[in-house]
Amino acid sequence: MKKISLIILTASSIFAFGQKVSDYKYISLPSKLETFKEDFGLNDLLTKTLRSKNYSVIPADKLQWPAEAQSNPCNVLMADIINDSGFLRNKVLVQFKDCNDKVVSSIKGASNIKEYKEGYQYALKQTFVSISPANPTAQPTSPVKVQETITTNSTQVVTNSSSSSVDNTALKFSNGKMDLQKIQIDNSQFILVNSNSSSPFATFKATTKNDVFRVKLQNGESTLGYYENGNIIIEMPLSGGEYGKEIFYKK
């Protein structure tokens, strides 16, 4: 019989155990609460409370995250408010997950108020006492790796896998005037970010052609970009509708 055991490897995975909400600076809230028919003011209520406890609340869209959060998504907790109501009571569940989709905290609140808005808001307020003020600590930058040991007829085969298929290897590029870091958001988009700026220098989204991207610059202008000999080329808009070729060399 095949025997499979999963062993958590890296220091980052060990570090994840015992984590608290207060260990994080950034908390991301969804644009829509999927388990509710409407918002009932719950997102605004949670946002206000988290900010009062010194958390930086950021949107679900990673492209709108500040550079510090984009450079290490493991600095961000993903929060959600879940409708956990029963037959007679309005109940909510506030859940926080880390970058490895591990639940760091789940807090329940309940109310006997029958009106939905007042009932859900009262239930949500019951959870706030369990959320401690932010006291951020350094978070791991690598995804949790898992070692899979498969034993078949006394023969062991060991394989390694990652919890994410996105290559988060830090790459640096320069045009001679500025140094930028490439951060892969997912398999179809990445950003170039300057450590001295709070917003990306350029955001790249894949097109139907390999190695060619739609680019949105920091000033809001749209253009094209592509790879050439391992370097990144951006067609920079000039006056009169012309474009210039800006080369960012891989360092």
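- The nearest pair of heavy atoms linking Lys250 to Gly230 is CB-O, 3.7 Å.
- Leu45 and Ile113 sit in two unconnected hydrophobic clusters of ILVMFWY residues. Membership requires side-chain heavy atoms under 4.5 Å apart, directly or through other members.
- Considering all non-hydrogen atoms of both residues, Leu42 and Leu124 come closest at O-CD2, 3.5 Å.
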Check the pair Asp179 / Lys251 against salt bridge (Lys or Arg N to Asp or Glu O under 4.0 Å), numbers first and verdict last. CA-CA 9 Å; Asp179 294 329; Lys251 298 183 70 175; 3.5 Å; yes
Could you walk me through whether Tyr227 and Asn210 pass the side-chain hydrogen bond (donor to acceptor under 3.5 Å, both in side chains) test, one step at a time? CA-CA 9 Å; Tyr227 282 116; Asn210 287 341; over 6 Å; no
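- Interatomic distance, Leu77 CG to Lys102 NZ, rounded to the nearest 0.5 Å: 10.0 Å.
- Counting non-hydrogen atoms of neighbouring residues, nucleotides and ligands closer than 6.0 angstrom, the NZ atom of Lys62 reaches no more than 12 such neighbours.
- At least one side-chain heavy atom of Gln70 sits under 4.5 Å from a side-chain heavy atom of Pro200.
- Ser111 and Asn90 form no side-chain donor-acceptor contact under 3.5 Å, judged by distance and modelled atom types alone.
- Judged as a side-chain hydrogen bond (donor to acceptor under 3.5 Å, both in side chains), the pairs with a partner in residues 228-241 (not counting sequence neighbours) are, in order, Glu228-Lys245.
- Side-chain contact check for Ser22 versus Tyr55: some heavy-atom pair is nearer than 4.5 Å.
- Counting heavy atoms from C-beta outward, Leu192 and Gln181 have side chains that stay 4.5 Å or more apart.
- Note on Ile234 and Tyr243: separate hydrophobic clusters, where clusters join Ile, Leu, Val, Met, Phe, Trp and Tyr whose side-chain heavy atoms are under 4.5 Å apart, directly or indirectly.
- Using modelled atom types, one side-chain atom of Asn175 and one backbone atom of Met178 make a donor-acceptor pair closer than 3.5 Å.
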Would you please test Phe248 and Phe201 for ring pair (Phe, Tyr, Trp, His ring centres under 6.0 Å) and show each step? CA-CA 12 Å; Phe248 292 85; Phe201 172 77; 5.7 Å; yes
Starting from the C-alpha separation in whole Å, work towards a yes-or-no answer on salt bridge (Lys or Arg N to Asp or Glu O under 4.0 Å) for Lys25 and Glu68. CA-CA 10 Å; Lys25 174 181 179 180; Glu68 182 183 15; 3.3 Å; yes
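- Listed here is the closest heavy atom pair of Ala69 and Val76: CB-CG2, 3.7 Å.
- With a 6.0 Å radius and a threshold of 12 heavy atoms from other residues, nucleotides or ligands, Tyr116 has its OH atom at or below the threshold.
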Given the rule in the side chain to side chain contact (heavy atoms under 4.5 Å, CB included) test, do Leu46 and Ile81 qualify, once you have shown the distances and angles that lead to the verdict? CA-CA 9 Å; Leu46 180 56; Ile81 305 171; 3.8 Å; yes
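- For Pro237 against Glu221, the heavy-atom pair with the smallest separation is CB-OE2, 3.7 Å.
- Evaluation of the salt bridge (charged side-chain N to carboxylate O under 4.0 Å, His left out) test over residues 104-117, restricted to residues two or more places apart or in two chains, returns none.
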Check step by step if side chain to side chain contact (heavy atoms under 4.5 Å, CB included) holds for Tyr24 and Thr137. CA-CA 7 Å; Tyr24 293 80; Thr137 61; over 6 Å; no
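- Neither Ile27 nor Ile82 shares a network with the other; the hydrophobic side chains, linked directly or stepwise wherever heavy atoms of I, L, V, M, F, W or Y lie under 4.5 Å apart, form separate groups for each.
- For CZ of Arg89, the number of neighbouring non-hydrogen atoms (other residues, nucleotides, ligands) closer than 6.0 Å is greater than 12.
- Interatomic distance, Phe204 CZ to Phe213 CZ, rounded to the nearest 0.5 Å: 7.5 Å.
- Interatomic distance, Lys48 NZ to Asn43 CG, rounded to the nearest 0.5 Å: 14.5 Å.
- The two residues Gly225 and Val215 come nearest to each other via the heavy atoms N-CG2, 3.4 Å.
- Note on Leu93: it does not cluster hydrophobically with Met78, by side-chain heavy-atom contacts below 4.5 Å among ILVMFWY residues.
- For Gln95 and Asp80, the side-chain atoms include no donor-acceptor pair closer than 3.5 Å.
- Tyr249 belongs to a hydrophobic cluster with Val212, Tyr226, Ile233, Ile247, counting contacts under 4.5 Å between side-chain heavy atoms of Ile, Leu, Val, Met, Phe, Trp and Tyr, direct or through other members.
- Side-chain contact, Asn112 with Tyr122: no donor N or O sits under 3.5 Å from an acceptor N or O.
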Begin from the C-alpha positions of Ile191 and Leu63 and carry the test side chain to side chain contact (heavy atoms under 4.5 Å, CB included) through to its verdict. CA-CA 8 Å; Ile191 62 173; Leu63 295 178; 3.9 Å; yes
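- The shortest distance between side-chain heavy atoms of Pro66 and Tyr26 falls below 4.5 Å.
- Listed here is the closest heavy atom pair of Val103 and Lys97: CG2-CE, 3.8 Å.
- Ring orientation note: the planes of Phe36 and Phe40 are nearly perpendicular, at an angle over 60° on the 30°/60° scale.
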Residue pair Ser28, Trp65: steps toward the side chain to side chain contact (heavy atoms under 4.5 Å, CB included) verdict: CA-CA 9 Å; Ser28 175; Trp65 287 6; 4.1 Å; yes
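- Remark: Asn72 CG to Cys99 SG distance equals 7.0 Å, nearest 0.5 Å.
- Atom OG of Ser71 is separated from atom NZ of Lys182 by 15.5 Å, given to the nearest 0.5 angstrom.
- To the nearest 0.5 angstrom, Lys205 atom NZ is 8.0 Å from Ser188 atom OG.
- Leu33 and Ile107 fall within the same hydrophobic cluster, defined by Ile, Leu, Val, Met, Phe, Trp and Tyr side-chain heavy atoms under 4.5 Å apart, directly or through other members.
- Side-chain atoms of Met236 and Glu242, non-hydrogen and from C-beta on, never get closer than 4.5 Å to each other.
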